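Here is the structure we will look at.
Keep in mind that this is a model prediction, so the values were computed, not measured. Whatever order the structure lists them in is the order used to number ligands and atoms, beginning at 1.
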Amino acid sequence: MRAETLAPLLEMEKVSMFYHTPQGETAALSDISFQLEKGAFLAIVGPSGCGKSTILSLIAGLLRPSAGEIRIAGEPVGEGISPLVGYMLQHDHLFPWCTVWDNVLLGLKIRGEVKPEQKERVAALLEQYGLADFRNSLPRHLSGGMRQRAALIRTLALEPELLLLDEPFSALDYQTRLRVSDDIGTIIRSQGKTAVLVTHDISEAISMADRVLVLSARPGRIRYQERICLSSSSARVLEKRQAPEFAACFDRIWKELNGDV
Ligand code: ADP
(Lines give C-alpha, C1' and ligand atoms only; values in the text may rest on other atoms or scores of the structure.)
Protein backbone atom coordinates (compact mmCIF):
# COMPACT_ATOMS: atom_id res chain seq x y z
CA MET A 1 0.00 0.00 0.00
CA ARG A 2 1.26 3.49 -0.83
CA ALA A 3 2.19 5.59 2.20
CA GLU A 4 0.20 8.83 2.08
CA THR A 5 1.41 12.08 3.56
CA LEU A 6 -1.42 13.52 5.60
CA ALA A 7 -1.84 17.29 5.67
CA PRO A 8 -1.56 18.75 9.20
CA LEU A 9 -4.98 19.27 10.77
CA LEU A 10 -4.32 22.98 11.24
CA GLU A 11 -2.03 25.26 9.23
CA MET A 12 -1.50 28.94 9.98
CA GLU A 13 0.58 30.57 7.28
CA LYS A 14 1.98 34.11 7.68
CA VAL A 15 -1.19 35.30 9.41
CA SER A 16 -1.48 38.96 10.40
CA MET A 17 -4.49 40.73 11.84
CA PHE A 18 -5.43 44.39 12.14
CA TYR A 19 -8.58 45.63 13.87
CA HIS A 20 -10.13 48.77 12.39
CA THR A 21 -12.11 51.02 14.69
CA PRO A 22 -13.20 54.69 14.49
CA GLN A 23 -10.22 55.41 16.79
CA GLY A 24 -7.78 53.90 14.31
CA GLU A 25 -6.03 50.69 13.45
CA THR A 26 -4.78 48.13 15.99
CA ALA A 27 -2.16 45.65 14.84
CA ALA A 28 -3.11 42.54 16.83
CA LEU A 29 -1.01 39.80 15.21
CA SER A 30 2.00 39.77 12.91
CA ASP A 31 3.28 36.96 10.71
CA ILE A 32 2.04 33.97 12.71
CA SER A 33 2.91 30.59 11.20
CA PHE A 34 2.55 27.17 12.77
CA GLN A 35 1.15 23.74 12.01
CA LEU A 36 -0.63 21.26 14.18
CA GLU A 37 -0.76 17.52 13.52
CA LYS A 38 -3.87 15.51 14.35
CA GLY A 39 -3.91 14.58 18.05
CA ALA A 40 -1.46 17.37 19.03
CA PHE A 41 -2.09 19.69 21.98
CA LEU A 42 -0.75 23.23 21.59
CA ALA A 43 -0.78 25.89 24.32
CA ILE A 44 -0.38 29.59 23.53
CA VAL A 45 0.87 31.95 26.24
CA GLY A 46 1.67 35.64 26.02
CA PRO A 47 1.08 38.99 27.68
CA SER A 48 -2.47 40.25 27.97
CA GLY A 49 -3.67 41.85 24.73
CA CYS A 50 -1.05 40.14 22.51
CA GLY A 51 -3.68 38.52 20.29
CA LYS A 52 -4.16 35.03 21.79
CA SER A 53 -7.98 35.09 21.63
CA THR A 54 -7.74 36.65 18.17
CA ILE A 55 -5.84 33.55 16.98
CA LEU A 56 -8.69 31.31 18.21
CA SER A 57 -11.35 33.51 16.58
CA LEU A 58 -9.43 33.38 13.29
CA ILE A 59 -9.11 29.57 13.44
CA ALA A 60 -12.83 29.30 14.25
CA GLY A 61 -13.72 31.46 11.24
CA LEU A 62 -15.30 34.19 13.41
CA LEU A 63 -12.78 36.69 12.01
CA ARG A 64 -10.99 36.89 8.66
CA PRO A 65 -7.21 37.47 8.74
CA SER A 66 -5.89 40.72 7.24
CA ALA A 67 -3.09 38.70 5.60
CA GLY A 68 -2.08 35.06 5.37
CA GLU A 69 -4.04 31.85 5.22
CA ILE A 70 -5.50 29.36 7.69
CA ARG A 71 -6.36 25.80 6.64
CA ILE A 72 -8.13 23.07 8.57
CA ALA A 73 -7.73 19.55 7.17
CA GLY A 74 -6.24 21.13 4.05
CA GLU A 75 -9.27 23.42 3.38
CA PRO A 76 -9.03 27.21 3.75
CA VAL A 77 -11.15 28.50 6.67
CA GLY A 78 -14.13 30.34 5.20
CA GLU A 79 -16.80 32.56 6.74
CA GLY A 80 -18.50 31.16 9.85
CA ILE A 81 -17.64 28.41 12.28
CA SER A 82 -16.28 25.24 10.69
CA PRO A 83 -18.08 22.05 11.79
CA LEU A 84 -14.61 20.65 12.45
CA VAL A 85 -14.08 23.17 15.27
CA GLY A 86 -15.40 23.14 18.86
CA TYR A 87 -14.97 26.21 21.07
CA MET A 88 -14.76 26.20 24.87
CA LEU A 89 -14.67 29.50 26.72
CA GLN A 90 -13.82 30.83 30.17
CA HIS A 91 -17.44 30.66 31.30
CA ASP A 92 -19.32 27.44 30.72
CA HIS A 93 -22.34 29.23 29.13
CA LEU A 94 -24.69 26.46 30.26
CA PHE A 95 -28.30 27.64 30.23
CA PRO A 96 -29.33 27.84 33.92
CA TRP A 97 -32.96 26.89 33.21
CA CYS A 98 -32.08 23.74 31.21
CA THR A 99 -31.08 20.38 32.72
CA VAL A 100 -27.60 19.00 32.11
CA TRP A 101 -29.08 16.65 29.48
CA ASP A 102 -30.77 19.48 27.57
CA ASN A 103 -27.64 21.59 27.82
CA VAL A 104 -25.33 18.92 26.43
CA LEU A 105 -27.72 18.23 23.52
CA LEU A 106 -28.17 21.90 22.71
CA GLY A 107 -25.50 22.20 19.99
CA LEU A 108 -26.85 19.12 18.21
CA LYS A 109 -30.45 20.44 18.45
CA ILE A 110 -29.36 23.74 16.88
CA ARG A 111 -27.90 21.75 13.96
CA GLY A 112 -31.16 19.83 13.44
CA GLU A 113 -32.92 16.72 14.63
CA VAL A 114 -30.88 14.68 17.09
CA LYS A 115 -30.46 11.08 15.94
CA PRO A 116 -30.86 8.24 18.49
CA GLU A 117 -27.21 7.18 18.00
CA GLN A 118 -26.09 10.76 18.78
CA LYS A 119 -28.13 10.68 22.00
CA GLU A 120 -26.52 7.35 22.89
CA ARG A 121 -23.04 8.80 22.32
CA VAL A 122 -23.77 11.80 24.53
CA ALA A 123 -25.28 9.59 27.25
CA ALA A 124 -22.11 7.45 27.10
CA LEU A 125 -19.94 10.57 27.50
CA LEU A 126 -21.97 11.63 30.57
CA GLU A 127 -21.56 8.14 32.00
CA GLN A 128 -17.85 7.95 31.21
CA TYR A 129 -17.09 11.34 32.74
CA GLY A 130 -19.15 11.00 35.93
CA LEU A 131 -22.21 13.11 35.09
CA ALA A 132 -24.82 10.41 34.40
CA ASP A 133 -26.42 10.84 37.83
CA PHE A 134 -26.76 14.60 37.21
CA ARG A 135 -28.44 14.29 33.83
CA ASN A 136 -31.71 15.78 35.13
CA SER A 137 -30.07 18.37 37.42
CA LEU A 138 -29.88 22.09 36.73
CA PRO A 139 -26.38 23.58 36.30
CA ARG A 140 -26.63 25.44 39.64
CA HIS A 141 -26.64 22.08 41.43
CA LEU A 142 -23.26 21.16 39.91
CA SER A 143 -19.77 22.09 41.15
CA GLY A 144 -17.62 24.40 38.97
CA GLY A 145 -15.62 21.40 37.78
CA MET A 146 -18.73 19.42 36.85
CA ARG A 147 -20.09 22.39 34.93
CA GLN A 148 -16.88 22.63 32.90
CA ARG A 149 -17.08 18.88 32.18
CA ALA A 150 -20.70 19.35 31.03
CA ALA A 151 -19.57 22.24 28.80
CA LEU A 152 -16.86 20.04 27.29
CA ILE A 153 -19.31 17.19 26.68
CA ARG A 154 -21.67 19.65 24.94
CA THR A 155 -18.72 20.61 22.70
CA LEU A 156 -17.68 16.97 22.13
CA ALA A 157 -21.28 16.05 21.25
CA LEU A 158 -20.76 17.89 17.96
CA GLU A 159 -17.78 15.63 17.22
CA PRO A 160 -15.30 18.40 16.41
CA GLU A 161 -11.80 17.45 15.25
CA LEU A 162 -10.18 20.56 16.68
CA LEU A 163 -10.93 21.99 20.13
CA LEU A 164 -10.24 25.64 20.86
CA LEU A 165 -9.97 26.37 24.58
CA ASP A 166 -9.91 30.04 25.59
CA GLU A 167 -8.79 30.31 29.24
CA PRO A 168 -11.34 27.60 30.10
CA PHE A 169 -10.35 27.36 33.77
CA SER A 170 -9.71 30.96 34.71
CA ALA A 171 -13.12 31.43 36.38
CA LEU A 172 -12.34 28.57 38.81
CA ASP A 173 -10.52 28.79 42.15
CA TYR A 174 -6.97 27.40 42.22
CA GLN A 175 -7.73 23.94 43.74
CA THR A 176 -10.68 23.34 41.41
CA ARG A 177 -8.66 24.62 38.48
CA LEU A 178 -5.94 22.00 39.03
CA ARG A 179 -8.45 19.17 39.28
CA VAL A 180 -10.54 20.33 36.34
CA SER A 181 -7.54 20.88 34.05
CA ASP A 182 -6.48 17.32 34.91
CA ASP A 183 -9.97 16.00 34.08
CA ILE A 184 -10.38 17.99 30.89
CA GLY A 185 -6.84 17.17 29.68
CA THR A 186 -7.51 13.47 30.23
CA ILE A 187 -10.86 13.62 28.41
CA ILE A 188 -9.36 15.45 25.41
CA ARG A 189 -6.52 12.95 25.09
CA SER A 190 -8.74 9.90 25.57
CA GLN A 191 -11.05 11.20 22.84
CA GLY A 192 -7.99 11.66 20.55
CA LYS A 193 -8.83 15.32 19.88
CA THR A 194 -6.46 18.01 18.62
CA ALA A 195 -6.50 21.09 20.85
CA VAL A 196 -5.31 24.69 21.04
CA LEU A 197 -5.34 26.11 24.58
CA VAL A 198 -4.95 29.81 25.33
CA THR A 199 -3.84 30.43 28.90
CA HIS A 200 -1.82 32.87 30.98
CA ASP A 201 -0.82 30.04 33.34
CA ILE A 202 2.58 28.62 32.35
CA SER A 203 2.22 25.53 34.57
CA GLU A 204 -1.12 24.75 32.99
CA ALA A 205 0.40 25.13 29.51
CA ILE A 206 3.35 22.81 30.29
CA SER A 207 1.28 20.16 32.02
CA MET A 208 -1.51 20.01 29.42
CA ALA A 209 0.20 20.61 26.08
CA ASP A 210 2.89 18.90 24.05
CA ARG A 211 4.05 22.23 22.56
CA VAL A 212 3.96 25.76 23.97
CA LEU A 213 4.11 28.93 21.83
CA VAL A 214 5.13 32.16 23.55
CA LEU A 215 3.84 35.30 21.86
CA SER A 216 5.46 38.75 22.11
CA ALA A 217 3.52 41.82 23.25
CA ARG A 218 1.10 43.31 20.70
CA PRO A 219 1.25 42.84 17.79
CA GLY A 220 1.71 39.20 18.78
CA ARG A 221 4.57 37.41 17.02
CA ILE A 222 5.87 33.94 17.83
CA ARG A 223 8.75 34.74 20.11
CA TYR A 224 9.64 31.26 21.28
CA GLN A 225 8.37 27.71 21.14
CA GLU A 226 9.12 24.71 23.28
CA ARG A 227 8.30 21.03 22.74
CA ILE A 228 7.27 19.58 26.07
CA CYS A 229 9.09 16.32 26.83
CA LEU A 230 8.49 15.34 30.43
CA SER A 231 9.74 12.02 31.76
CA SER A 232 6.55 11.51 33.81
CA SER A 233 5.14 8.12 32.84
CA SER A 234 1.62 9.37 33.58
CA ALA A 235 -0.52 11.33 31.16
CA ARG A 236 -2.29 12.97 34.14
CA VAL A 237 -1.79 16.71 34.30
CA LEU A 238 -1.26 16.70 38.08
CA GLU A 239 1.51 14.10 37.91
CA LYS A 240 3.24 15.80 35.00
CA ARG A 241 3.77 18.78 37.30
CA GLN A 242 6.00 16.55 39.44
CA ALA A 243 8.32 15.62 36.54
CA PRO A 244 11.98 16.58 37.18
CA GLU A 245 12.18 18.67 33.95
CA PHE A 246 9.10 20.73 34.84
CA ALA A 247 10.89 23.50 36.76
CA ALA A 248 13.56 24.14 34.08
CA CYS A 249 10.88 24.19 31.38
CA PHE A 250 8.81 26.67 33.42
CA ASP A 251 11.90 28.83 33.86
CA ARG A 252 12.68 29.01 30.12
CA ILE A 253 9.11 29.94 29.23
CA TRP A 254 8.88 32.45 32.11
CA LYS A 255 12.07 34.19 30.91
CA GLU A 256 10.80 34.43 27.34
CA LEU A 257 7.43 35.68 28.52
CA ASN A 258 8.99 38.33 30.70
CA GLY A 259 11.53 39.45 28.15
CA ASP A 260 8.88 41.94 27.02
CA VAL A 261 8.07 43.39 30.41
P1 ADP B 1 -5.39 38.45 24.30
O2 ADP B 1 -6.35 37.33 24.09
O3 ADP B 1 -3.96 38.05 24.11
O4 ADP B 1 -5.58 39.18 25.59
P5 ADP B 1 -6.90 39.73 22.12
O6 ADP B 1 -6.79 38.78 20.99
O7 ADP B 1 -8.17 39.73 22.90
O8 ADP B 1 -5.64 39.54 23.12
O9 ADP B 1 -6.66 41.22 21.59
C10 ADP B 1 -5.47 41.64 20.90
C11 ADP B 1 -5.50 43.13 20.69
O12 ADP B 1 -6.53 43.45 19.77
C13 ADP B 1 -5.80 43.91 21.97
O14 ADP B 1 -5.01 45.08 21.97
C15 ADP B 1 -7.26 44.25 21.86
O16 ADP B 1 -7.53 45.48 22.50
C17 ADP B 1 -7.44 44.38 20.35
N18 ADP B 1 -8.80 43.95 19.97
C19 ADP B 1 -9.37 42.75 20.24
N20 ADP B 1 -10.63 42.70 19.73
C21 ADP B 1 -10.83 43.89 19.14
C22 ADP B 1 -11.94 44.46 18.42
N23 ADP B 1 -13.06 43.75 18.20
N24 ADP B 1 -11.79 45.73 17.94
C25 ADP B 1 -10.66 46.42 18.13
N26 ADP B 1 -9.58 45.95 18.79
C27 ADP B 1 -9.66 44.70 19.29
Side-chain angles (χ1 to χ4, degrees), residues 10-36 41-72 77-82 85-93 148 151-152 155 160 162-172 174 177 180-181 184 188 194-209 211-226 228 250 252-261:
L10 170 67
E11 297 164 275
M12 299 274 288
E13 206 176 296
K14 298 187 183 325
V15 170
S16 295
M17 179 70 193
F18 296 91
Y19 286 104
H20 298 276
T21 62
Q23 288 72 41
E25 189 180 76
T26 304
L29 291 170
S30 173
D31 201 23
I32 301 285
S33 296
F34 63 83
Q35 298 189 339
L36 210 54
F41 200 132
L42 176 77
I44 302 178
V45 297
S48 184
C50 73
K52 301 183 290 301
S53 299
T54 300
I55 292 184
L56 297 191
S57 298
L58 288 165
I59 297 171
L62 296 170
L63 294 171
R64 305 285 302 146
S66 310
E69 192 169 75
I70 304 167
R71 289 182 293 275
I72 299 179
V77 170
E79 296 283 347
I81 293 200
S82 157
V85 168
Y87 219 138
M88 199 170 152
L89 301 160
Q90 186 174 355
H91 295 284
D92 53 59
H93 296 286
Q148 277 309 67
L152 180 61
T155 309
L162 177 61
L163 286 169
L164 305 177
L165 311 165
D166 197 353
E167 302 260 11
F169 317 119
S170 53
L172 304 171
Y174 184 68
R177 187 180 174 122
V180 175
S181 63
I184 300 286
I188 291 172
T194 312
V196 182
L197 166 75
V198 158
T199 178
H200 59 263
D201 182 331
I202 302 175
S203 298
E204 191 169 279
I206 300 171
S207 57
M208 291 191 78
R211 183 158 48 122
V212 177
L213 290 187
V214 179
L215 297 191
S216 67
R218 192 172 61 79
R221 293 188 174 85
I222 297 178
R223 181 188 172 99
Y224 176 71
Q225 32 182 322
E226 169 128 2
I228 308 297
F250 183 101
R252 283 191 294 277
I253 294 174
W254 169 263
K255 285 196 177 112
E256 289 296 335
L257 199 51
N258 287 281
D260 272 335
V261 174

Determine whether L63 and Y19 make a side-chain contact, defined as any pair of heavy atoms from C-beta on separated by less than 4.5 Å. yes
Test item: side-chain donor near acceptor, E204 and S181, under 3.5 Å: no
List the residues meeting side-chain contact (heavy atoms from CB on, under 4.5 Å) with R252, not counting sequence neighbours, and say none if there are none. Y224, E226, A248, C249
In order of chain and number, which residues sit within 4.0 Å of ligand 1 by heavy atom? Y19, T21, A28, P47, S48, G49, C50, G51, K52, S53, T54, R218
So does V77 get a backbone contact from the side chain of R64, meaning a donor-acceptor N/O pair under 3.5 Å? yes
Which residues pass the salt bridge (Lys or Arg N to Asp or Glu O under 4.0 Å) test with D201, sequence neighbours left out? R177
Applying salt bridge (Lys or Arg N to Asp or Glu O under 4.0 Å) as the test, list every pair that has at least one member in residues 12-25; sequence neighbours left out. E13-R71
